[in-house]
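For clarity, every value in this text was computed on a predicted model and none was experimentally measured. Proteins get letters first, then strands, A, B, ... in listed order; numbering begins at 1 in each.
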Amino acid sequence: AQTVTQSQPEMSVQEAETVTLSCTYDTSESDYYLFWYKQPPSRQMILVIRQEAYKQQNATENRFSVNFQKAAKSFSLKISDSQLGDAAMYFCASTGANSKLTFGKGITLSVRP
Amino acid sequence: EADIYQTPRYLVIGTGKKITLECSQTMGHDKMYWYQQDPGMELHLIHYSYGVNSTEKGDLSSESTVSRIRTEHFPLTLESARPSHTSQYLCASSRPTGMTQYFGPGTRLTVL
């Protein structure tokens with residue numbers, strides 16, 4: 001079984017600044033994947049970034065990067081140069097061999113102009 | 001990335017009605033999923049399918065049913081809708097050997 005915990009319900013960041021969203025997980029599987037998804041208000045859930053657990057190198061996608069600490073079971077998302085369009089609900093999720101996603105409760109990110 | 005479609009986007013119906021939420025994808029993905037997203041925004045897996053004629057119940061118990069007669073189509077049916085079914089329903093799909101799921105736009109269901 002897998003669990004994903006996002007303990008911060010909401011965060012705020014100033015436009016152009018950097019923000020880090022926290023996530024911890026627990027799994028009994030040796031091979032698993034971790035994801036961050038973004039869900040803007042009334043819009044489609046989209047993939048932000050993914051990390052394969054067997055890879056030591058942290059994934060990056062343009063302004064988005066992760067800090068994957070496998071021993072600590074931590075998977076935080078860093079958003080650099082925050083933009084107004086980054087305002088959304090962000091979900092951390094994990095999946096194992098059965099490919100079923102387990103989601104955290106999500107965090108609402110607001111961006112102040 | 002998958003093209004995945006859901007209809008209707010919004011639905012308001014009365015108690016006791018039978019409804020079907022449609023989900024289709026054009027990428028030939030074998031795996032498809034239905035999630036229920038409650039007002040607190042938490043997502044729960046309610047059904048999944050790994051291919052034609054394969055359907056399984058997810059982690060959250062649901063009174064809905066699903067079918068998978070064609071690879072591209074994964075409809076969800078409620079035989080008798082109730083106010084407790086009011087929620088957003090998200091459909092997703094993934095490649096046979098892929099772990100990344102791609103989501104449709106969702107159907108927001110309101111049962112009066």
What residue pairs, at least two apart or across chains, pass salt bridge (Lys or Arg N to Asp or Glu O under 4.0 Å) with a residue in residues 57-84 of chain A?
A/D26-A/K73, A/R63-A/D86
Region of A/Y32 that comes under 4.5 Å of a non-hydrogen atom in chain B
neither
Relative to chain B, which segment of A/M89 carries a heavy atom at a distance below 4.5 Å: side chain, backbone, both, or neither?
side chain
Does any non-hydrogen side-chain atom of A/L101 lie less than 4.5 Å from one of B/Y33?
no
Please list, chain by chain and in numerical order, all residues satisfying salt bridge (Lys or Arg N to Asp or Glu O under 4.0 Å) with A/R50, sequence neighbours excluded.
A/E52
With chain A, which of B/K31, B/R9, B/Q88 has the greatest number of heavy-atom pairs at distances under 4.5 Å?
B/K31
Using only non-hydrogen atoms and a strict under-4.5 angstrom cutoff, which residues of residues 103-111 of chain A touch chain B?
A/F103, A/K105
Any chain of hydrophobic side-chain contacts (each under 4.5 Å) joining A/L77 to A/Y33?
no
Sorted by first residue and then second, give each disulfide bond (SG atoms under 2.5 Å apart) pair with at least one member in residues 76-113 of chain A; sequence neighbours left out.
A/C23-A/C92
Look up atom NZ in A/K100 and atom OH in B/Y50, then write down how far apart they are to the nearest 0.5 Å.
6.5 Å
Spatial distance of atom OH (A/Y37) from atom CG (B/L43) [nearest 0.5 Å]:
10.5 Å
Can you say whether A/T95 sits under 4.5 Å from chain B via the side chain, the backbone, both, or neither, judging by heavy atoms?
side chain
Report the distance from atom CE of A/M45 to atom CD1 of B/I4, rounding to the nearest 0.5 Å.
12.0 Å
Looking at chain A, which one of B/R108, B/E42, B/Q6 has the largest number of heavy-atom pairs inside 4.5 Å, strictly under?
B/E42
